[in-house]
Amino acid sequence: MKLQLRSRSRWNDKKGGVWRMYMDRCKKIVILVCVFLTALNVVACGRAKGDEVVDTDGSSARQQESSAQTVEGTDLEISMQTVEGTDLEISMQTVESINLETEEDKTIGAESSNVQTSEAIDTEMTTEELLDLFINGSISAIRSEGPAFYITDLDMDPGEWDPYSIGERVDLDNDGENELIICGPYGGIYLDVRDNKVYEFAVGEGDTRELSYVFYNGSTWIMYSNRMHTGYEAYHMEKFEGADDLVSEMDLHEELVDEDDVEGKEKYTLNGTEISYDEYFGLCSKIFATEVTTTK
């Protein structure tokens, strides 16, 4: 009888141990399932905060759709394997990040910044503010011919042989507002502001049209110079009263009477009319005494 009771007691102990193992496994399964559901709730809450409009109608259908999007958005990988009909293994590989700042958010932020810049330009701005925007690379300048350009399109590297650089602001067209000088090859580029936009006002066009400016008879004149050939000099000057209003021009020439005789006689002209050497020299003395070169 004692042997029978002892055997039954051992069986009950063994059975109880198996039952405890089974319950422990069930507890683990419950904990893992809770962790998984908690992660889904955290992600769903984060997404809900980002929504601007919440539709309270048809909440059941919307919740199902939100859950599906949440699972896809967080790349949760779930693998379930049944072991002996009772064991459940859940492995969760967390998303690379549940961070709300995604690449899409960054793109939207950049687009928003560009929109704000455009809105600012749509309002009336001062000449100085628009020139500052060009220097900062926020807006482009419109060419007289060809596509618009940004300051980043210019070679601004001081280590290069002939770079561009930001120069002074001077009233070059006598309208009471300053233009911006971009110093550089052949005199660089002069920029003007009209109609709330930045325009190319004047540009150096090679050795035969090197850009500079002078003060003559109380006004500022744009000057293009050609000193390419021995015995030949040509200067074309333009006076503006506003960038769209060219009010006066002047041409000075010094050239050989016989191009093949570099030691021969020279002639001097003002606007196509021949003048004496003394007249030519007097004009040049006044003009070049005030010339400002803008190659550097």
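Note that the numbering runs from 1 along the sequence shown for the chain. Below, all heavy atoms of this structure are taken into account, side chains as well, without hydrogens, waters or symmetry copies.
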4.5 Å side-chain heavy-atom contact, [X] and [Y]:
| X | Y | result |
| --- | --- | --- |
| Val193 | Leu131 | yes |
| Asn217 | Lys239 | no |
| Leu283 | Tyr216 | yes |
| Tyr232 | Asn226 | yes |
| Glu179 | Val170 | no |
| Glu233 | Tyr280 | yes |
| Tyr235 | Asp251 | no |
| Asp175 | Asp173 | yes |

Between [X] and [Y], is any side-chain donor less than 3.5 angstrom from a side-chain acceptor?
| X | Y | result |
| --- | --- | --- |
| Glu210 | Ser225 | no |
| Thr290 | Tyr213 | no |
| His236 | Glu249 | yes |

Let me check something: do [X] and [Y] share a hydrophobic cluster, defined by ILVMFWY side-chain heavy atoms less than 4.5 Å apart, either directly or through other members?
| X | Y | result |
| --- | --- | --- |
| Tyr224 | Leu246 | yes |
| Tyr199 | Phe240 | no |
| Leu172 | Val292 | yes |
| Leu130 | Leu191 | yes |
| Ile142 | Ile182 | no |

More than 12 heavy atoms of other residues, nucleotides or ligands under 6.0 Å from [atom1] of [X]: is that the case?
| X | atom1 | answer |
| --- | --- | --- |
| Tyr277 | OH | no |
| Phe288 | CZ | yes |
| Glu259 | CD | no |
| Glu255 | CD | yes |

Over all heavy atoms of both residues, which pair between [X] and [Y] is shortest? Give the atoms and the distance, please.
| X | Y | value |
| --- | --- | --- |
| Ala243 | Asp192 | CB-OD2, 3.1 Å |
| Tyr186 | Asp207 | CE2-OD1, 3.4 Å |
| Ser248 | Trp221 | OG-CH2, 3.4 Å |

Rounded to the nearest 0.5 Å, what separates atom [atom1] in [X] from atom [atom2] in [Y]?
| X | Y | atom1 | atom2 | result |
| --- | --- | --- | --- | --- |
| Thr230 | Glu263 | OG1 | CD | 10.0 Å |
| Ile181 | Phe201 | CD1 | CZ | 10.5 Å |
| Tyr164 | Ile189 | OH | CD1 | 4.5 Å |
| Thr126 | Asn196 | OG1 | CG | 9.5 Å |

Please determine if Asp132 and Arg169 form a salt bridge, counting it only when a charged side-chain N lies under 4.0 Å from a carboxylate O.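 Yes, Asp132 and Arg169 are salt-bridged.
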
Identify whether the distance between the nearest side-chain nitrogen and carboxylate oxygen of Arg143 and Glu200 falls below 4.0 Å.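 Counted as a salt bridge, because a side-chain N and a carboxylate O are separated by less than 4.0 Å.
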
